[in-house]
Amino acid sequence: MKGAHRVHRVVCPGSFDPATNGHLDIIGRAAGIYDEVIVAVLINVTKKSLFTVDERVEMLREVTARYGNVKIDRFHGLLVDFCATNGVSAVIKGLRAVSDFEYEMQMAQMNYRMAKVETLFMTTNPLYSYLSSSLVKEIARYGGDVSGLVPDTVLSRLRERLAEE
Ligand code: PNS
């Protein structure tokens, strides 16, 4: 097929501070569809994070260890540059609610305009449609229960980190 565009490798970018079961759901489903999924953690020096990039990468490695075709990496700068360097032609994103749509659409169109990088949206499992890393951090910080929302290894590191504060 002339001009056909086969997607074998996708990138799943984010802050993952920390990874939630919502992230894992998307990563696992993407791993079932594509040959290779690169989870790329954004190195953002201007944004205050609870976990370092190394810690986030390590946690992601642990919780995705069961998938042979998922690789964890990190990037700074533009996502489209990471895609070019790594031979990735499509980004995969989870869409939780309409509220996600506007900003995601804007980034998707901008990434396509800049480098013809496609964005593929996967609807979040409704179990996790209200879930976000920032809510998890806030609830955990004030003593709320976030078990079932994050993987067990993330839960124990979250408790440890917040106890240090
Ligand atoms: O988990 P997040 O913080 O919602 O992820 C946002 C992320 C990392 C996907 C987005 O901020 C991003 O792609 N940043 C890289 C910088 C970039 O390419 N900006 C231009 C986007 S059009």
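Computation of the quantities below employed the complete heavy-atom set of this structure, encompassing side-chain atoms and omitting hydrogens, waters and symmetry-equivalent molecules. Counting convention: from 1, in listed order, for ligands and their atoms alike.
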Would you tell me whether R96 and T123 have side-chain atoms, one donor and one acceptor, within less than 3.5 Å of each other? no

Verify whether one side chain among N44 and T46 offers a donor that lies under 3.5 Å from an acceptor in the other.
yes

Sequence neighbours excluded, the answer for side-chain hydrogen bond (donor to acceptor under 3.5 Å, both in side chains) partners of D81 is none

Residues passing the side-chain hydrogen bond (donor to acceptor under 3.5 Å, both in side chains) test with T85, sequence neighbours excluded, are none

The ring pair (Phe, Tyr, Trp, His ring centres under 6.0 Å) partners of F75 (sequence neighbours excluded) come to F82

- Are D145 and S147 close enough that a side-chain donor and a side-chain acceptor fall under 3.5 Å? yes

Would you mind listing each N/O atom of ligand 1 next to any protein N/O under 3.5 Å, plus the distance?
from: ligand 1; atom 1: 1 (O); to: S15; atom 2: N; distance (Å): 2.9
from: ligand 1; atom 1: 3 (O); to: S15; atom 2: OG; distance (Å): 2.6
from: ligand 1; atom 1: 18 (O); to: L79; atom 2: N; distance (Å): 2.9

